[in-house]
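Naming: A, B, ... by sequence-line order, numbering from 1 per chain.
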Protein chains: 4
Amino acid sequence: MKKNTIDLQEKLQELLLAERNNYLQGKVADYIPALANVKPDLMGISVATIDGKIAGAGDYQQPFSIQSISKVFGLVMAMNRIGDPLWQRVRMEPSGQPFNSIIQLEWEKGIPRNPVINAGAILISDVLTSHFSASKLAFLTFVRKLAGNDNIHVDNQVYLSELKHGNLNAALAYLMKSFGNIEAEVPDVLSHYFTQCSIVMSCQQLATSLLFLANKGIDPRSQKRICSARDAHKVNAILSTSGMYDQSGEFAFSVGLPAKSGVGGGVIAVVPGYGVICTWSPPLNSFGNSTVGMNLMANITEELALSIYH
Amino acid sequence: MKKNTIDLQEKLQELLLAERNNYLQGKVADYIPALANVKPDLMGISVATIDGKIAGAGDYQQPFSIQSISKVFGLVMAMNRIGDPLWQRVRMEPSGQPFNSIIQLEWEKGIPRNPVINAGAILISDVLTSHFSASKLAFLTFVRKLAGNDNIHVDNQVYLSELKHGNLNAALAYLMKSFGNIEAEVPDVLSHYFTQCSIVMSCQQLATSLLFLANKGIDPRSQKRICSARDAHKVNAILSTSGMYDQSGEFAFSVGLPAKSGVGGGVIAVVPGYGVICTWSPPLNSFGNSTVGMNLMANITEELALSIYH
Amino acid sequence: MKKNTIDLQEKLQELLLAERNNYLQGKVADYIPALANVKPDLMGISVATIDGKIAGAGDYQQPFSIQSISKVFGLVMAMNRIGDPLWQRVRMEPSGQPFNSIIQLEWEKGIPRNPVINAGAILISDVLTSHFSASKLAFLTFVRKLAGNDNIHVDNQVYLSELKHGNLNAALAYLMKSFGNIEAEVPDVLSHYFTQCSIVMSCQQLATSLLFLANKGIDPRSQKRICSARDAHKVNAILSTSGMYDQSGEFAFSVGLPAKSGVGGGVIAVVPGYGVICTWSPPLNSFGNSTVGMNLMANITEELALSIYH
Amino acid sequence: MKKNTIDLQEKLQELLLAERNNYLQGKVADYIPALANVKPDLMGISVATIDGKIAGAGDYQQPFSIQSISKVFGLVMAMNRIGDPLWQRVRMEPSGQPFNSIIQLEWEKGIPRNPVINAGAILISDVLTSHFSASKLAFLTFVRKLAGNDNIHVDNQVYLSELKHGNLNAALAYLMKSFGNIEAEVPDVLSHYFTQCSIVMSCQQLATSLLFLANKGIDPRSQKRICSARDAHKVNAILSTSGMYDQSGEFAFSVGLPAKSGVGGGVIAVVPGYGVICTWSPPLNSFGNSTVGMNLMANITEELALSIYH
């Protein structure tokens, strides 16, 4: 396969160069000031493989707000903690709705469609809040261990900003609580949720942290099991049908990898049996996905023949 | 990989035997008499590989009503015929709704979410009706060529029965027409749609017919190109996010293959780079998918390590 | 009360004069050519009282397309014909949705919210089609008798135009049929529905025809009972909560009478114990109600102190 | 009219006696313990007229939790305080949905359909919270003045219980806030809302308090103007189309008066130009309206010929 013979570092440089001006087509998230102030022309890409290669180009070592990419870590923690009963409280189906729709949640009696839309991630935050004595610390510790870096931290300014503008997420949480599907107090759940969204990490840190998803649950560097092979499979399945908001189908069309984006401009994609790709460029398209990130993912997948649908 | 060393024929026998009594957990589709009368304990499985192997067990050579599996053939024909403009008239996103929901169609101004829910398949039928002088014959010819069998035909009793009970599909068609998204006359479109749904094929015929989807668009037997590699990728992507009605996410979880089911009890699954699996057992679960088919697909994928998410 | 002492004829002239130029604020219905061609500056008003007075101003004797006002006649006929079982098939609740929404109809399993939204009126058309051997003729005969005029007829050009552009109504009909709530064949039901919509009548004819609704079911001229007092009450109740499309609440606010509008620009309002008002001016506001008609109804109700909410 | 000649006191006794056992057909609200403990067989009825008559039967002097009936007082206060700009923030249309639906609120961008569904009443609570320095006291003072009784108070146990079980209302409030349609802090708004819901009053107090609505805004006892005639008209219009939850249309059918119910089992109905009726019986039907209250209202309206639709 191409992916084994190509000069990865050179390829990443080349792909990034081609996108140099495309950040102009998107719009940096501005629902909170802390995100709106990010420089729009920053961009980076990193690839980590299960056989130990790491490559990167551009601003791939600069930390950014991971936002919804944190849903992947939270999901793994919750599956590890409570196992299959989790799936009584959240489904695993695509939503076919904007990421923050409250309509479907009322229709389906407070059971979110999947764990990577906002309602689902808030539910996961409830699981963590209820099952860890200090869930925020536990989350940070989990991520630091995966990234092998104890300096990973929460951007407090982003956190406070999220909290202040989190009315829609509060509505989702209270609606689920009205259906009995939130156990902890809503302000505690939201505090956890916004904390994990406000973590800052670099492309390289994200790519290496998530390698276990490409390797049946085992971190290839430490050979430690992070989750069961079955759960790694589940995460990849969910990311394939639902990871890119209401553009998940189009992403499957044009890329063909399990992936998750965040409004901070990051995108991660898992290549089962090969590795993880992470891109970052803050300006977003109308679906909330990084414009440059979409392009980079399509191009690298094409160049390296990585799609799972071929 | 296990898939290359196992005795396929023996494995299929074994898997089928294990399901012997599980048909009792489902319910044969009864919205039309012609389907309701099928014997519930019939079951078959067939696997065809791109390197030429064919295996089967049980009633894998008995023809059954392919129903919604016909949407796969129709989609390929429409992409071949009109190319990318197709995607102005139908989206490629998961629906997050029951297969026949009219609500989403009104919300989204008559643009179906994807080509494998009913509204989308009716739209595809409109494309075929409008662009072929004899679309039903063209469809049948296409399928016969793929299956290498000129005896494949339409079950006229099923067709008439569908037509008589097709009020919901008529509602979908007229709603799309009210938004200007149906070009031909609705009765003609529905006549085409119900015709393609009423084709009868066996597991073995379906598995071999669809091998081009596992082989980047090229039929491995004839080496003829059926569609572009890019379009084969698209079909597999759509089937992965949306092929199993409102159980598509769960199917991705437990199986992990592009697939399409029909209310006749058939299921086809594409294994990119390997081959195609087809199962048949008429009794359905509450989502409209074959109960035994779901089990068989999960078990064979597990045994042969076929999932695309590992 | 003011309504008994005022010079009605003079008042109507005065009110109409004040609206002279306000037709410019609306837009004539253009979904079918036959309606789009009506002169926008035509306007008329007529009042008929149960004690025998008739007054009118402007084009109050010119026939126009009654459109949805026909739903009132159809409802009375259907109640007379099948009685209370009607309310098993259609509810009597406000819809809180645009007049032609298909969403609510799917939610509520094919039971329309009330008989004066499109779905409900189509259901009424099914009742008439199923229970009269020649329902169109029966309808016309009923209206002619009420108006005391045998020349009232159907505008065939409007009828054909409606039929051609009736895809959304066809969708509603087929959806109800899929739930088993339409008995006759859909094309027959729609043919009846569009026929009754295409009747042409003048303001004066409409006002006198509906006097029985202001008089507990008895036509004050002939002293014949047209419907039971209880059914007249029901019609007035429905028209109060639902007669003016999604502007029914605002109409209650600013006018305060049971009323029904049509996209031909007509509006009728019932004043229980007093009489019936009918206005006509083709240009419509964004809710599909006559702009000038809304003003005229508010002003005459104010001047004559007719509101039922005071 | 019958209403002027009948012996009111005797008639109320008779109507109440006929309902003696019908409370068994309903179910006392049990979403909070404080309401669930009310004795189900209590029942009362009171009529107050604008010419000074007061009559009552049964437990008509026993205070009960007025719940949603408080929405009427709040609406009048808010209209008095901010005038027409109120209608930029809440519509006046029937909802066609259960009283607490969040779906419509998302569809319509955080603008509630009307002020007597929960979302609308929470919005009114926001207006009061934002425009009165001590809105709860102002509310209580307003009600006490109308009832002429300084002992009217808030049931603190009900208040605390509402607060604890108010998750759905919190969801509605946060959703509106996310659309920018709530100005104060959500906990403050909800605290006001639950306070006004928790007021306890008797049938007689409610009937006399609301006489101004039957008298064009003027309290007939003190001859003081409580609100403009136009606003009294608006309140009656809203109560006619929307006051009885998703049974408003049926109530118009069978009763025909502007009315408002509460889950405490109370119902008030305004008879313009005549007076106010209040009934109380805790067991509710499936729509959340008092079963006995529905019957009593239908019967008294029939007996006294009070409907506005005749």
For each of [options], tally heavy-atom pairs with chain A at distances under 4.5 Å, and name the one with the top tally.
options: B:Arg230, B:Lys234, B:His233; answer: B:His233
options: B:Ser242, B:Gly217, B:Ala229; answer: B:Ala229
options: B:Ala232, B:Gly256, B:Ala214, B:Ser240; answer: B:Ser240

(message) I need the A:Ile111 CD1 to A:Arg91 CZ distance, nearest 0.5 Å.
(response)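 The distance works out to 9.5 Å.
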
(message) Can a side-chain donor-acceptor contact be found between A:Glu302 and A:Asn299 if the only test is distance below 3.5 angstrom?
(response) no

(message) Here's one to test your reading of the geometry: is the NZ or CZ of B:Lys260 within 45 degrees of the ring axis of B:Tyr245 and under 6.0 Å from its centre?
(response) yes

(request) Among A:Ile182, A:Asn181, A:Leu105, find the one that has a side chain to side chain contact (heavy atoms under 4.5 Å, CB included) with A:Leu175. (result) A:Leu105

